[in-house]
Amino acid sequence: MSNILIINGHDFYKNRAEGNLSSLICERIKTKLQDKHTIVTTKVLDEYDVNTEIKKFLNADIIIIHTPIYWFSIPGILKKYIDDVYEPGIFFGKSNEFGRGGLLTNKKYMLSVTWGASENEFDSHKESFLEGKTEDDVLFPIHKTHEYCSIQKIDTFSIFEAMSKINVSEQLNRLDLHIKNNIN
């Protein structure tokens, strides 16, 4: 049985992005994993205590971060959480080689993200708006942040066109399969 931390990194934007899909996704992840794992959660929008969050990370074997992608990055509120919680001496230390002082070895993380873009915008031709970048290319800074802490990557889960009328049941079934295939 693993200890899993699920972080909901959604911010609230009245009448355009109130976090309903993010809450649904986080709840689905919890429901799918709670029979075989110990689950703790954080909703970044709620108040959090830095020391409590650090303890959650230290106890976790797997960290699942769900976040919408705004302007090709994570919401500011999630970035602030990372700035507050990922403390030197706990998450990373000094090293002779830049980026190699991570202290959270033997931990894994998974990004679960929602995009406004369609799936065909990614990994397509160089003339496209995203210039042939994959999802993980766009998420490079977030992946490098976790690599800097020596947390190992689990494949990213993405829902595309999340601002459109998506088939939520179909997307949740995809999420279930992703969890089954990537988290023991």
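Not measured: the values here are computed from a predicted model. Both backbone and side-chain heavy atoms feed into the values below; hydrogens, waters and symmetry mates do not. For this chain, numbers begin at 1 and follow the sequence in order.
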Same cluster for [X] and [Y] if Ile/Leu/Val/Met/Phe/Trp/Tyr side chains link at under 4.5 Å?
| X | Y | value |
| --- | --- | --- |
| Ile77 | Leu5 | yes |
| Val138 | Phe140 | no |
| Leu104 | Phe98 | yes |
| Leu103 | Phe57 | no |
| Phe129 | Phe160 | yes |

Quiz item: Name the one of Tyr70, Trp71, Phe72, Phe122 that satisfies ring pair (Phe, Tyr, Trp, His ring centres under 6.0 Å) with Trp115?
Solution: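 Single ring pair (Phe, Tyr, Trp, His ring centres under 6.0 Å) partner of Trp115 among Tyr70, Trp71, Phe72, Phe122: Phe122.
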Quiz item: Is Arg100 paired with Glu147 through a side-chain N to carboxylate O contact shorter than 4.0 Å?
Solution: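 The answer is yes: the pair qualifies as a salt bridge.
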Treating [X] as the side-chain partner and [Y] as the backbone partner, does any N or O pair qualify as donor plus acceptor under 3.5 Å?
| X | Y | result |
| --- | --- | --- |
| Ser164 | Ile166 | no |
| Lys107 | Ala60 | yes |
| Asn3 | Asn59 | yes |
| Arg174 | Ser158 | yes |
| Asp137 | Thr134 | yes |

If you compare all heavy atoms of [X] against all heavy atoms of [Y], which two are closest, and at what distance to 0.1 Å?
| X | Y | value |
| --- | --- | --- |
| Gln34 | Ile39 | CA-CG1, 3.8 Å |
| Met163 | Gly116 | CG-CA, 4.4 Å |
| Met1 | His37 | CG-CA, 3.6 Å |
| Pro75 | Pro68 | CD-O, 3.3 Å |
| Gly9 | Val44 | CA-CG2, 4.2 Å |

Exercise. Run the ring-centre check on Tyr86 versus Tyr148 and record whether the distance is less than 6.0 Å.
Key: no
Are the side chains of [Y] and [X] in contact, using a 4.5 Å heavy-atom criterion?
| X | Y | answer |
| --- | --- | --- |
| Val50 | Glu87 | yes |
| Tyr109 | His143 | yes |
| Ile25 | Phe157 | no |
| Leu45 | Asn8 | no |
| Ile90 | Leu58 | yes |
| Ile64 | Ile4 | yes |
| Ile65 | Leu78 | yes |

Exercise. Apply the test salt bridge (charged side-chain N to carboxylate O under 4.0 Å, His left out) to residues Lys180 and Asp176: give CA-CA distance (whole Å), side-chain angles for both, the deciding distance (0.1 Å), then the verdict.
Key: CA-CA 6 Å; Lys180 179 181 177 187; Asp176 294 347; over 6 Å; no
Practice problem: Tell me, yes or no, whether the heavy-atom count around Lys30 atom NZ, taken from other residues, nucleotides or ligands under 6.0 Å, exceeds 12. | Solution: no
Practice problem: Check step by step if side-chain hydrogen bond (donor to acceptor under 3.5 Å, both in side chains) holds for Glu135 and Thr156. | Solution: CA-CA 8 Å; Glu135 303 152 65; Thr156 302; over 6 Å; no
Practice problem: Apply side-chain hydrogen bond (donor to acceptor under 3.5 Å, both in side chains) to the pair Thr42 and Lys56, showing each step before the final yes or no. | Solution: CA-CA 9 Å; Thr42 294; Lys56 289 179 184 181; 2.8 Å; yes
Quiz item: Can you name the one residue among Asp136, Leu111, Leu139, Ile142 that meets side chain to side chain contact (heavy atoms under 4.5 Å, CB included) with Lys153?
Solution: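 It is Asp136; the other options fail the test.
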